[in-house]
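In what follows, every heavy atom counts, from backbone to side chain, and hydrogens, waters and symmetry copies are set aside.
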Amino acid sequence: MAVPTEFLRGLLGFLGMSSAFMTGRSVVAVRKGWQKPSRLYGWAIRTVVCVVAVAFRNPVDTVDLIVWALAAVAFAGGMRSVLRQKPPEDLTRRIFPDEP
């Protein structure tokens with residue numbers, strides 16, 4: 001049973017966009033010191049491999065350009081999601097009320 005090539009290109013494009021999102025999150029986390037750079041390198045390699053694999057056997061066409069543009073948007077969205085993260089709520093007073 002053969003799987004259509006276009007389906008595989010779409011799947012690789014989706015994986016590339018997902019990896020780009022995680023790469024964006026990792027960039028901010030590494031800059032803030034929350035993660036090691038090796039995790040960033042791993043996501044960056046996954047992103048590049050998936051996005052380049054979309055154009056592997058075909059000349060660059062509209063699908064490639066759309067996938068690359070959406071991967072760039074996903075990268076920016078990943079960075080934005082970490083940069084605009086709410087600080088954790090301080091529940092100390094609720095859990096341990098002041099006792100006289």
Side-chain angles (χ1 to χ4, degrees):
M1 183 167 154
V3 178
T5 309
E6 293 302 315
F7 174 75
L8 293 176
R9 281 181 77 195
L11 185 61
L12 279 172
F14 178 75
L15 289 174
M17 289 181 278
S18 303
S19 297
F21 180 81
M22 292 304 295
T23 302
R25 289 180 56 93
S26 292
V27 165
V28 175
V30 167
R31 289 193 63 180
K32 289 191 176 195
W34 298 341
Q35 287 181 356
K36 294 186 283 184
S38 61
R39 184 168 290 185
L40 169 63
Y41 300 148
W43 283 116
I45 290 169
R46 287 181 192 106
T47 301
V48 169
V49 167
C50 288
V51 171
V52 169
V54 172
F56 180 61
R57 288 191 172 239
N58 302 321
V60 176
D61 59 353
T62 308
V63 174
D64 299 331
L65 297 176
I66 290 172
V67 167
W68 295 340
L70 289 176
V73 169
F75 178 81
M79 289 182 70
R80 184 177 185 272
S81 73
V82 174
L83 285 173
R84 298 184 48 95
Q85 197 171 31
K86 288 184 179 180
E89 186 177 350
D90 184 21
L91 299 174
T92 307
R93 299 282 181 206
R94 283 192 168 169
I95 297 172
F96 304 107
D98 290 335
E99 296 180 12

Compile the donor-acceptor pairs under 3.5 Å between side chains in residues 69-88 and protein atoms, sequence neighbours left out, one pair per line.
| residue | atom | partner | partner atom | Å |
| --- | --- | --- | --- | --- |
| Ser81 | OG | Arg25 | NH1 | 3.2 |
| Ser81 | OG | Gly78 | O | 2.9 |

Mind checking what makes side-chain contact (heavy atoms from CB on, under 4.5 Å) contact with Phe56, not counting sequence neighbours?
none
So which atom in Gly13 and which in Val67 form the shortest heavy-atom distance, rounded to 0.1 Å?
CA-CG1, 3.8 Å
For residues 40-67, which residue pairs qualify under salt bridge (charged side-chain N to carboxylate O under 4.0 Å, His left out), counting only residues two or more places apart or in two chains?
Arg9-Asp61, Arg9-Asp64
Taking only residues two or more places apart in sequence or in another chain, which ones pass side-chain contact (heavy atoms from CB on, under 4.5 Å) with Ser38?
Lys36
Assigning hydrophobic clusters by single linkage (Ile, Leu, Val, Met, Phe, Trp, Tyr; side-chain heavy-atom cutoff under 4.5 Å), is Val54 placed with Leu11?
no
The criterion is side-chain contact (heavy atoms from CB on, under 4.5 Å); which residues satisfy it with Val30, sequence neighbours excluded?
Gln35, Pro37, Leu40
Return all side-chain donor-acceptor pairs below 3.5 angstrom for residues 15-24, not counting sequence neighbours, or 'none' if the list is empty.
| residue | atom | partner | partner atom | Å |
| --- | --- | --- | --- | --- |
| Ser18 | OG | Phe14 | O | 2.9 |
| Ser19 | OG | Leu15 | O | 2.9 |
| Thr23 | OG1 | Ser19 | O | 2.7 |
| Thr23 | OG1 | Trp43 | O | 3.1 |
| Thr23 | OG1 | Thr47 | OG1 | 2.9 |

